[in-house]
Amino acid sequence: MTKQDISLYVNGRRYDIRVEPRKTLADALRDDCNLTGTHLGCEHGVCGACTIIVDGETVRSCLMFAVQADGRTLRTVEGLAKGNELHPLQSAFIEHHALQCGYCTPGFLMLATGVLERDPDIADDELRDILSSNLCRCTGYENIVKAVRAAAEQMKAAR
Ligand code: FES
Ligand code: FES
């Protein structure tokens, strides 16, 4: 299949890559940009492990073709920390034991980033509803919810 030249703007850096039109964005990030923080679980839109932010919207990157992201601005888990300083969500996940194997964690972090940037005062019910869209088979969700709540308070205080 003929490959196509595309440019992805990921975490403030431009990646010029050549991909087959059928290649998913998740695979392009991992294989062609060497950004393996975005995980793949189900590869058909169910688990949320591949969640990233595209032009400000959370997206399951296994459901998008890389060519559809040509010229667009992406954020992945690699862009959350600023140098050695972890993002408040990352710190809160550690502090509240919101991960075990960590496989689902990048997806949860990006989902929660999108949520809190859009609505830092989100109601508990709505937050739980949104977080339930991603799957974690280790921790149970209680600590993930606690961590996101704690990060929300910290992010509000820092504004
Ligand atoms: S790998 Fe994309 S939703 Fe599961
Ligand atoms: S921490 Fe293992 S799947 Fe969530």
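Note that the numbering runs from 1 along the sequence shown for the chain. Counting starts at 1 for both ligands and their atoms, following the listed order.
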Practice task
Run through the protein N/O/S atoms less than 2.8 Å from atom 4 (Fe) of ligand 2 and write them out by chain and number.
Solution key: Cys104 SG, Cys136 SG

Handout entry: Any side-chain donor near an acceptor of the partner, Asn11 and Thr76, under 3.5 Å
Key =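 Indeed, the side chains of Asn11 and Thr76 share at least one donor-acceptor pair under 3.5 Å.
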
Are any of the side-chain heavy atoms of [X] and [Y] separated by less than 4.5 Å?
{"X": "Val115", "Y": "Glu126", "answer": "no"}
{"X": "Cys47", "Y": "Asn134", "answer": "no"}
{"X": "Ile52", "Y": "Leu25", "answer": "yes"}
{"X": "Phe93", "Y": "Leu109", "answer": "yes"}
{"X": "Leu40", "Y": "Arg30", "answer": "yes"}

Solution key, residues 79-90 side-chain donor-acceptor pairs under 3.5 Å, sequence neighbours excluded:
unit_1 : atom_1 : unit_2 : atom_2 : d
Lys82  : NZ     : Gly79  : O      : 3.2
His87  : ND1    : Leu89  : N      : 2.9
Gln90  : OE1    : His87  : N      : 2.9

Handout entry: Parallel, tilted or perpendicular: ring planes of Phe108 versus Tyr141, cut at 30 and 60 degrees
Key = perpendicular

Fill in the blank from the handout: Across all chains, not counting sequence neighbours, the side chain to side chain donor-acceptor pair (under 3.5 Å) partners of Thr24 are Asp27

Practice task
Would you mind counting protein N, O or S atoms that sit less than 2.8 Å from atom 2 (Fe) of ligand 1?
Solution key: 2

